[in-house]
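Read the structure below first, then the notes.
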Protein chains: 2
Amino acid sequence: MSVTERRELLFAAAVRVLERDGLAALSTRAIVAEAEMSLASFHYAYETHEQLLVEIIAATIDGELSAGLAGLGDAAARTPREAIHGALTSYLELVRADPGREQGMFELTQHALRRPTMTALAADQYAKYHAAAAELLDHVAKRFEVTWSVPTADLARLVIAMTDGLTLAWLTSRDDEAAARLITLTTDALLAHLEDS
Amino acid sequence: MSVTERRELLFAAAVRVLERDGLAALSTRAIVAEAEMSLASFHYAYETHEQLLVEIIAATIDGELSAGLAGLGDAAARTPREAIHGALTSYLELVRADPGREQGMFELTQHALRRPTMTALAADQYAKYHAAAAELLDHVAKRFEVTWSVPTADLARLVIAMTDGLTLAWLTSRDDEAAARLITLTTDALLAHLEDS
DNA sequence: GTCTATAGCCGGATAGAC
DNA sequence: GTCTATCCGGCTATAGAC
């Protein structure tokens with residue numbers, strides 16, 4: 001087996017363990033067991049356990065972005081409200097479909113914030129979240145020929161803060177109706193800063 | 001030393017370790033070292049390590065509430081906008097003054113969500129957050145003789161989601177100006193649902 | 001290359017001396 | 001009651017057989 005193939009298998013196994021059992025259970029032993037390998041073979045692909053963690057954080061950033069906010073580009077939306085409401089709703093669907101995944105993201109962020117060598121990763125993670133949200137807000141403005149009366153960089157932070165808060169609220173309560181109302185309130189908050197060009 | 005006194009000392013030491021070093025470092029050994037006790041004496045006050053964790057989660061809920069949203073009752077505020085903006089700002093000050101504390105809260109929530117025996121605690125935690133936020137929104141409405149056009153229970157979820165999102169944004173970026181703008185946007189979002197009685 | 005076996009450390013919990 | 005010493009298990013990492 002090639003080193004790169006082994007890395008990919010271990011990486012995929014690690015993501016499964018993280019989502020299913022949480023970061024606290026993401027030991028080297030759990031990973032190789034999930035990948036059905038021997039313990040020693042882990043270090044043939046990765047130097048240290050922490051190195052895999054770093055790679056997971058870095059990689060999950062991009063995946064999260066494309067999946068979570070893909071709904072914003074939804075071609076079926078006929079108004080800015082539909083576009084934004086639909087995007088937030090499709091994000092919530094993602095959380096509902098795989099709660100462990102979003103929980104794993106939070107755990108990774110918290111973990112990174114606690115280690116000096118990894119805090120930059122957490123900062124990068126959120127910088128990319130904000131950039132992606134801003135890009136999609138710009139996309140909505142362009143598509144519907146409207147303009148945001150507040151810098152999209154600021155509105156993007158509002159979007160990300162709300163998705164984080166929405167996720168935590170749903171994870172702790174599992175209340176779909178309350179989450180739907182929260183999405184509507186968030187949509188209202190964003191649309192208040194939209195004006196015709 | 002009485003059992004209750006020992007419990008209090010261990011509890012306080014555990015909170016210090018949690019805030020300073022994080023949940024992952026909150027071992028029984030670390031706690032007794034912080035409290036300057038022997039290892040065995042821990043189990044004279046608490047049956048298990050998990051029992052202390054449960055107690056910390058339960059107790060920190062109330063403390064967080066009273067401290068975090070105390071600004072909403074600020075007597076100096078002369079308008080609803082000042083009251084809400086001031087409350088969110090004073091909450092952010094709390095986060096800035098003690099980032100480790102808020103991080104510890106997130107870590108406890110994530111931890112509780114992963115163990116079946118503790119998920120109810122996380123649900124209680126957020127239910128109490130929401131109830132407290134609703135109560136304070138009601139307080140603002142009463143004091144300034146205005147009414148909320150949306151159930152305060154729903155607006156309360158918006159408040160809590162935003163404080164969570166705001167906290168994560170600040171923890172990852174340490175950007176005070178961006179946080180201030182986020183607070184202004186949040187204040188706007190809430191005031192949009194305020195009308196004269 | 002790949003495995004078994006193990007070193008060395010830290011974890012929670014407890015036995016037993018005093 | 002309070003401590004030291006220890007059990008036992010899980011952890012990361014690596015040595016060494018093949």
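Hydrogens, waters and symmetry mates play no part in the numbers below; they use all other heavy atoms, side chains included. Everything numeric here is computed off the predicted structure, so don't read it as measured data. Note on naming: letters A, B, ... go to the chains in the order of the sequence lines (proteins, then strands), and numbering restarts at 1 for each one.
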(Q) If you take any heavy atom closer than 4.0 Å to DNA chain D, which residues from residues 108-119 of chain A end up in contact? (A) none
Q: Enumerate the residues from residues 1-8 of chain A whose closest heavy atom to DNA chain D is under 4.0 Å, giving them by residue number; use none for an empty result.
A: none
**Q.** Rounded interatomic separation in angstrom, taking CE from B/Met37 and P from D/dT4
**A.** 14 Å
Q: List the protein contact pattern of nucleotides 11-18 of chain C with one symbol per nucleotide (5' to 3'): B for base contact, S for sugar-phosphate-only contact, - for none; contact means a heavy-atom distance under 4.0 Å.
A: BBBBB---
Q. Where along residues 9-17 of chain A does a heavy atom fall under 4.0 Å from DNA chain D?
A. none
Q) Can you check the A/Tyr44 OH to C/dT4 C1' distance for me, whole Å? A) 18 Å
Q: State, with a plain yes or no, whether a side-chain heavy atom of B/Ile183 is found less than 4.5 Å away from one of B/Leu92.
A: yes
Q: State whether the number of non-hydrogen atoms from other residues, nucleotides or ligands found under 6.0 Å of B/Glu135 atom CD is greater than 12.
A: no
Q | Flag side-chain contact, heavy atom, 4.5 Å: B/Glu50 against B/Arg115 | A | no
Q: Using side chain to side chain contact (heavy atoms under 4.5 Å, CB included) as the criterion, list what pairs up with A/Glu36, not counting sequence neighbours.
A: none
Q.
Would you say A/Leu185 ends up clustered with A/Leu166 if hydrophobic residues are merged whenever their side chains have heavy atoms under 4.5 Å apart, either directly or through other cluster members?
A. yes
**Q.** Which residues share a side chain to side chain contact (heavy atoms under 4.5 Å, CB included) with B/Ser2, sequence neighbours left out
**A.** B/Thr4, B/Glu5
(Q) Restricting to ring-ring contact (aromatic ring centres under 6.0 Å, His included), what partner residues turn up for B/Tyr46, sequence neighbours left out? (A) B/Phe42
Q. Which residues satisfy the ring-ring contact (aromatic ring centres under 6.0 Å, His included) test with A/Tyr126, sequence neighbours excluded?
A. A/Tyr129
Q. Residues in side chain to side chain contact (heavy atoms under 4.5 Å, CB included) with B/Leu39, at least two apart?
A. B/Thr28, B/Arg29, B/Val32
Q. Closest heavy-atom contact between B/Ala156 and B/Leu137?
A. N-CD1, 3.7 Å
Q) Can you tell me how far CD of B/Gln110 sits from CG of A/Leu23, rounded to the nearest 0.5 angstrom? A) 10.0 Å
Q: Compute the bend angle of the helix from C/dG1-D/dC18 to C/dC18-D/dG1 from the end axes (five pairs per end), rounded to 10°.
A: 30°
Q. Going by heavy atoms in the side chains, are B/Arg7 and B/Leu52 under 4.5 Å from each other?
A. no
Q) Out of B/Asp188, B/Thr184, B/Thr187, which one pairs with B/Arg81 under the side-chain hydrogen bond (donor to acceptor under 3.5 Å, both in side chains) rule? A) B/Asp188
Q) Which pairs with one or both residues in residues 147-197 of chain A pass ring-ring contact (aromatic ring centres under 6.0 Å, His included), sequence neighbours excluded? A) none
Q: Report the residues that fulfil ring-ring contact (aromatic ring centres under 6.0 Å, His included) with B/Phe144, sequence neighbours left out, ordered by chain and then residue number.
A: none
